[in-house]
Amino acid sequence: MRTGRIGAAPPAAVFVKLPEARGRSGRSPLVRVHLSPNAQIGQVSPISDLRGTCEAMATHMASHSPLLAESLRQLGVSETAVIRQIDVHKFQEGSFQYIFRVSVQLAEGSAPDICLVVSKESEVNPLTQQEFGNIRKYAKVNSSFIVEPLAIGELQTNRGNLAMYSTRFYPDYHELGYKVDGIQGRVGFHLHGPNVRNPEGLISFNAQQQRELLVEITSILTAYFDEETGSVPEGITVNAGDYIVRPRPDGGFDVRMVTVRTTFGEDRTDTKMNVALFFRKLVGFYVPIDCYVVILMDQEIIHEGILRGLQKKGLTQSAARQKLEEWERWYRMLAAAGTLNTV
């Protein structure tokens with residue numbers, strides 16, 4: 001579980017480092033690492049581990065960081081640009097990783113901010129590396145619905161080398177979370193917002209907004225679903241840190257995936273089975289609150305989301321409707337035959 005990735009306010013600096021190392025311009029940038037305690041953190045690492053990571057981060061950023069250099073290049077910053085200052089804000093963490101926001105001040109202006117994801121321990125490195133690979137894979141399919149991957153590298157610490165990767169930071173987006181609202185155990189969406197002043201620090205949604213979010217998430221999963229291989233981001237859940245959201249003036253939402261730990265499918269060549277299993281996963285939308293809670297998606301939401309997603313793939317409205325009808329026939333046929341129960 002990951003929480004609070006986007007939009008936390010920077011606190012006062014606790015580390016200032018290092019004037020002796022050289023940046024990519026040949027000059028020595030000032031590097032400051034900031035900490036931001038957060039009451040909503042679910043699993044906090046020992047302060048000694050965090051301090052060690054931050055000290056290593058300061059040293060890494062003050063030297064010629066290949067990851068930072070490649071991230072800036074991907075963001076369109078000239079290789080001859082002079083870096084004056086680097087601020088690294090540790091503002092959240094999940095079960096497996098620390099999340100940093102990197103702000104780079106140039107001699108002329110500033111670069112777009114970077115989101116940096118760092119393994120807490122070396123044992124988590126394969127997960128962090130796999131996550132970056134999955135983000136990069138789906139960004140190549142369609143970059144509109146996932147964070148932009150930038151670079152991957154390692155951070156040398158006294159606990160071993162830690163895998164880390166960078167993506168573009170999206171300051172206008174907020175993390176999509178979940179909570180039980182107490183009405184018959186119903187699960188409701190909310191946003192973590194840096195400027196929210198109510199006691200829970202949450203922005204809640206009404207029923208229509210929550211429905212629109214389910215439709216949009218379904219459409220994104222459909223846009224990334226490959227019926228030939230069965231590949232789709234796994235799982236079809238809302239876990240804290242899986243999606244970020246930006247409300248639009250028209251009442252809709254711009255949604256991007258943030259975390260893709262694993263992918264579902266990829267080893268089947270039975271198109272009808274792939275489609276049927278995708279439908280089955282959409283029917284039960286899982287939300288992990290202690291144990292998994294299921295949001296039973298009604299048929300109308302699934303249909304609307306799939307139609308929207310197929311159009312995101314480039315199909316016309318008419319072709320998308322025909323494809324949906326075909327997919328649903330396959331799902332009903334295999335479900336009635338009991339075939340899905342054996343997979």
Side-chain angles (χ1 to χ4, degrees), residues 134 137-146 176 178 186-187 189 207-239 242-243 251-257 259-288 292-343:
N134 288 335
K137 167 187 171 179
Y138 286 112
K140 289 179 179 178
V141 174
N142 193 321
S143 61
S144 299
F145 314 115
I146 197 164
L176 181 65
Y178 54 82
R186 189 176 64 198
V187 176
F189 290 137
Q208 180 58 36
Q209 290 171 321
Q210 294 193 51
R211 182 189 184 282
E212 170 59 23
L213 283 167
L214 282 173
V215 170
E216 183 60 21
I217 290 172
T218 300
S219 78
I220 290 173
L221 293 169
T222 302
Y224 288 133
F225 172 59
D226 184 342
E227 62 182 301
E228 300 300 325
T229 66
S231 173
V232 68
E234 170 81 319
I236 298 181
T237 67
V238 170
N239 197 350
D242 287 353
Y243 299 91
F253 299 95
D254 296 323
V255 180
R256 290 180 182 268
M257 298 189 73
T259 305
V260 187
R261 298 255 188 242
T262 58
T263 58
F264 174 79
E266 296 188 313
D267 58 354
R268 294 185 305 272
T269 57
D270 186 337
T271 301
K272 292 182 180 179
M273 179 63 74
N274 291 337
V275 169
L277 290 173
F278 180 58
F279 257 85
R280 186 177 71 175
K281 293 180 79 65
L282 289 176
V283 170
F285 196 94
Y286 290 90
V287 177
Y292 279 80
V293 176
V294 179
I295 300 176
L296 292 177
M297 299 259 282
D298 64 46
Q299 183 173 329
E300 187 176 301
I301 289 176
I302 293 175
H303 284 185
E304 188 175 338
I306 290 178
L307 281 174
R308 189 183 296 180
L310 290 172
Q311 291 176 77
K312 287 176 177 176
K313 284 176 173 282
L315 275 66
T316 64
Q317 186 174 8
S318 174
R321 190 166 297 281
Q322 291 179 3
K323 175 72 74 173
L324 170 61
E325 292 172 355
E326 180 182 57
W327 282 8
E328 189 165 29
R329 282 198 304 272
W330 293 347
Y331 169 66
R332 294 188 182 281
M333 178 183 68
L334 294 176
T339 308
L340 301 182
N341 298 330
T342 64
V343 180

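Since we're looking at a predicted model, the values are computed, not measured.
- Nearest heavy atom pair, residue P233 against residue Y224, reads CD-CB, 3.9 Å.
- Between I301 and R211 there is a side-chain heavy-atom pair separated by less than 4.5 Å.
- Nearest heavy-atom pair across K312 and N142 is O-ND2, 3.9 Å.
- Atom CD of residue E227 and atom CZ of residue F278 lie 10.5 Å apart, to the nearest 0.5 angstrom.
- L213 contributes atom CG, which lies 10.5 Å from atom CD of Q208 (distance to the nearest 0.5 angstrom).
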TODO: For side chain to side chain contact (heavy atoms under 4.5 Å, CB included), just list the numbers for W330 and T271, CA-CA rounded to whole Å, side-chain angles, deciding distance to a tenth of an Å, and then say yes or no.
DONE: CA-CA 9 Å; W330 293 347; T271 301; 3.8 Å; yes
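- Between the CD1 atom of I146 and the OH atom of Y138 there is a distance of 8.5 Å, given to the nearest 0.5 Å.
- Taking the six-membered ring where tryptophan is involved, the planes of F279 and Y331 are essentially parallel, since the angle between them stays under 30° and well short of 60°.
- Across every non-hydrogen atom of V215 and E304, the tightest pair is CG1-CG, 3.8 Å.
- Judged by distance alone, the side chains of K137 and S231 do bring a donor and an acceptor atom under 3.5 Å apart.
- Atoms CD1 and CD, from I302 and E328 in turn, are 8.5 Å apart once rounded to the nearest 0.5 Å.
- Between F225 and W327, the two ring planes are perpendicular [angle over 60°; tilted spans 30° to 60°].
- By the neighbour-count criterion of 12 heavy atoms within 6.0 Å, atom CD of Q317 is sparsely surrounded, having that number or fewer from other residues, nucleotides or ligands.
- The shortest heavy-atom contact between L324 and L307 is CD2-CG, 3.6 Å.
- Between the CZ atom in R321 and the NE2 atom in H303 there is a gap of 9.5 Å [rounded to 0.5 Å].
- Note that NZ of K313 is 11.5 Å distant from OG of S219, once rounded to the nearest 0.5 Å.
- When all heavy atoms are compared, the tightest approach of R256 to S143 is NH1-O, 3.1 Å.
- Heavy atoms only, all atoms of each residue included: N274 and T229 are closest at ND2-C, 3.4 Å.
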